[in-house]
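Structure first, commentary second.
Sequence lines set the chain letters: A, B, ... in the order given, protein chains first and strands last, and positions in each chain run from 1.
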Number of protein chains: 2
Amino acid sequence: MSLPHALLTALLEKPSSGSELTRRFDRSIGYFWSATHQQIYRELGKLEQAGLIRALPSPVPTRGQRKEYEVLPEGRAELRAWVDRREDPRVSRDPLPLRLRAAGVVGVGDLLPELVRHRDLHRARLEEYREFERRDYPGGPRTEQERVQLLVLRGGIDMETGWVSWLTRAVEELSGTAGAPEAGGSADGDVS
Amino acid sequence: MSLPHALLTALLEKPSSGSELTRRFDRSIGYFWSATHQQIYRELGKLEQAGLIRALPSPVPTRGQRKEYEVLPEGRAELRAWVDRREDPRVSRDPLPLRLRAAGVVGVGDLLPELVRHRDLHRARLEEYREFERRDYPGGPRTEQERVQLLVLRGGIDMETGWVSWLTRAVEELSGTAGAPEAGGSADGDVS
DNA sequence: ACCCATTTTGCAACTTGTTGCATAATGAGG
DNA sequence: CCTCATTATGCAACAAGTTGCAAAATGGGT
């Protein structure tokens with residue numbers, strides 16, 4: 001239930017069309033939420049129908065035509081309410097550690113290069129975020145809104161740092177062992 | 001497409017029934033993958049029908065009766081193939097940073113106590129993981145499989161560390177500012 | 001023997017996210 | 001003016017995850 005609120009936030013920051021939003025979801029909003037353009041268009045339709053946003057008056061209302069949306073007071077109120085809502089943290093759900101654990105049972109095989117690849121991807125993203133920080137907030141945040149945006153960016157930085165640190169260690173550890181396949185048995189119980 | 005593989009992994013580590021698996025998904029597997037019991041039962045059905053696992057012979061095949069599953073060679077092969085598959089990292093998708101960013105637009109309101117609550121939850125989980133590490137691997141991992149499981153646990157630790165570090169900073173920053181609501185305008189553009 | 005709380009398994013409906021493709025406008029180059 | 005690549009919007013089918021509920025077994029008490 002977060003995509004509509006992500007859209008409301010993005011639209012309050014700046015009224016946009018669907019494709020603009022898609023691009024923005026690949027950038028700033030993207031470090032903590034992703035969405036495909038189809039999700040975005042569908043959701044924009046729902047939000048409009050629910051009376052939370054509206055399309056800015058446009059000459060032609062047909063297909064293939066840019067359509068800009070802005071948030072209505074009802075949308076702002078809904079977002080306000082959402083911010084104050086209590087919601088428990090999500091359980092993480094990432095396949096990579098899972099694959100590593102599977103490798104513990106069926107043998108490491110070719111997983112090591114994949115770990116290296118992921119480490120490098122996360123490293124690159126981390127660098128990118130740090131670059132944003134330097135470039136966009138050179139003297140620190142200047143408004144309250146920037147302050148919060150910078151905080152969120154730092155969230156991305158902390159998460160990526162966690163990944164890099166983990167993957168670096170994992171690659172080190174597994175490089176020591178040549179990937180000998182595990183013996184077949186499905187033996188003893190669950191650890192922890 | 002990871003749940004079936006999570007199940008295969010868990011079943012290879014130890015053949016189990018649906019409810020046992022549900023419990024195990026709340027514990028060890030749970031630090032990087034979660035699933036409800038309905039997801040698990042449904043998926044077990046599919047895996048059985050696909051010939052990747054089979055129910056151990058049981059007296060009565062009716063409802064409400066425990067049913068243990070074990071992995072067939074085909075299931076092991078599928079898991080093996082999955083481990084070697086390339087797959088790009090997921091984009092994160094967590095509502096909390098999103099809510100913070102929304103707060104930058106509609107005002108911070110009551111978000112601070114929520115951040116504190118999350119910080120404490122993550123702190124608690126981090127402590128729990130560290131406890132697992134101490135308790136289950138006192139002298140380091142003893143087998144190759146334990147080595148991998150410990151690595152995965154450390155993944156959980158690194159992620160939780162990232163959360164705690166971020167939330168600690170966020171709470172500090174926002175405590176300075178009394179939560180004054182932002183002015184209404186939907187003004188300037190997207191940062192970064 | 002019966003009742004009742006608990007455990008285990010499961011169905012059904014719904015929401016959210018993904019993939020593949022289609023259609024309309026736009027604008028540059030011939 | 002026409003073509004063609006690009007951009008913007010959108011439909012439809014599917015896959016994955018969530019929620020609410022319920023039936024069958026189990027294992028006490030009484």
Side-chain angles (χ1 to χ4, degrees), chain A residues 1-8 10-11 15-26 29-30 32-50 53-56 58-69 82 87-95 98, chain B residues 1-8 10-11 15-26 29-30 32-50 53-56 58-69 82 87-95 98:
Chain A
M1 272 297 293
S2 299
L3 178 57
H5 303 102
L7 287 172
L8 289 172
L11 287 177
S16 311
S17 68
S19 57
E20 258 182 281
L21 286 169
T22 305
R23 281 190 294 274
R24 292 172 65 199
F25 269 71
D26 286 339
I29 314 265
F32 44 86
W33 203 269
S34 71
T36 61
H37 69 108
Q38 291 87 343
Q39 272 184 284
I40 289 172
Y41 283 119
R42 201 200 311 177
E43 201 62 42
L44 284 174
K46 282 190 202 168
L47 287 171
E48 186 176 23
Q49 196 151 17
I53 64 176
R54 68 162 185 180
L56 292 182
S58 147
V60 252
T62 51
R63 195 180 185 142
Q65 185 85 317
R66 269 178 59 90
K67 213 195 293 180
E68 286 237 316
Y69 289 97
W82 180 68
E87 203 175 334
D88 282 341
R90 302 254 168 126
V91 267
S92 84
R93 200 174 262 159
D94 196 285
L98 204 59
Chain B
M1 273 296 295
S2 298
L3 178 57
H5 303 102
L7 287 171
L8 289 171
L11 287 177
S16 311
S17 67
S19 55
E20 257 181 282
L21 285 169
T22 305
R23 282 189 293 274
R24 290 173 65 199
F25 269 70
D26 286 339
I29 314 265
F32 44 86
W33 204 269
S34 70
T36 62
H37 69 108
Q38 290 87 343
Q39 271 184 285
I40 289 173
Y41 283 119
R42 201 197 315 175
E43 201 61 42
L44 284 173
K46 282 189 201 168
L47 286 171
E48 186 176 24
Q49 195 152 18
I53 64 175
R54 67 161 186 181
L56 292 182
S58 147
V60 251
T62 51
R63 195 182 183 139
Q65 187 83 318
R66 268 177 60 90
K67 214 196 292 181
E68 286 237 315
Y69 289 96
W82 181 68
E87 203 175 333
D88 282 340
R90 303 256 169 123
V91 267
S92 84
R93 199 172 263 160
D94 196 285
L98 204 59

Separation of B:L44 CG from B:H37 NE2 (nearest 0.5 Å): 12.5 Å
Contact list (N/O, under 3.5 angstrom) for nucleotides 17-20 of chain D vs protein:
residue, atom, partner, partner atom, Å
D:dG17, OP2, B:Q39, NE2, 3.3
D:dG17, O3', A:R93, NH1, 3.3
D:dT18, OP2, A:R93, NH2, 3.2
D:dT18, OP2, B:Q39, OE1, 3.3
D:dT18, O4, B:R42, NH2, 2.4
D:dG20, O6, B:Q38, NE2, 3.2

A:E43 CD to D:dC11 C1', straight-line distance once rounded to whole Å: 16 Å
A:I29 CD1 to B:L98 CG distance, which is reported to the nearest 0.5 Å: 7.0 Å
Spacing between A:F25 atom CZ and C:dT16 atom P, to the nearest angstrom: 14 Å
Euclidean distance, atom NZ of residue B:K46 to atom P of C:dG10 [Å, nearest integer]: 15 Å
A:F25 side, atom CZ; A:L7 side, atom CG - distance, nearest 0.5 Å: 4.5 Å
Interatomic distance, B:L21 atom CG to B:D26 atom CG [nearest 0.5 angstrom]: 11.0 Å
N or O in side chain of A:K67 less than 4.0 angstrom from D:dG10 OP1/OP2: yes
B:L98 CG - C:dT16 C1' separation (whole Å): 15 Å
Whole-Å distance separating the CD atom of A:E20 from the P atom of D:dA8: 8 Å
Sequence-distant partners of B:P4, side chain to side chain contact (heavy atoms under 4.5 Å, CB included), two or more places apart: B:E43, B:L47
Sugar-phosphate only, base, or nothing, as touched by B:S17 at under 4.0 Å among non-hydrogen atoms: sugar-phosphate
Residue-phosphate contact under 4.0 Å: B:Y41 side-chain N/O, C:dT9 OP1/OP2: yes
Side chain to side chain contact (heavy atoms under 4.5 Å, CB included) partners of A:R23, counting only residues at least two apart: A:S19, A:E20
Under the side chain to side chain contact (heavy atoms under 4.5 Å, CB included) test, residues paired with A:E48 that sit two or more places apart: A:I53, A:A55, A:Y69
A:I40 CD1 to C:dT16 P, straight-line distance once rounded to whole Å: 15 Å
Partner set under side chain to side chain contact (heavy atoms under 4.5 Å, CB included) for A:R93, not counting sequence neighbours: B:W33, B:S34, B:Q39
Rounded distance (Å) that lies between atom C1' of D:dA25 and atom CD of B:E68: 16 Å
Terminal helix-axis angle for the helix from C:dA1-D:dT30 to C:dG30-D:dC1, with five pairs defining each axis and rounding to 10 degrees: 0°
Interatomic distance where CG belongs to B:L47 and P belongs to C:dT9 [whole Å]: 15 Å
Distance in Å, B:R54 CZ paired with B:L11 CG, rounded so as to fall on 0.5 Å steps: 13.0 Å
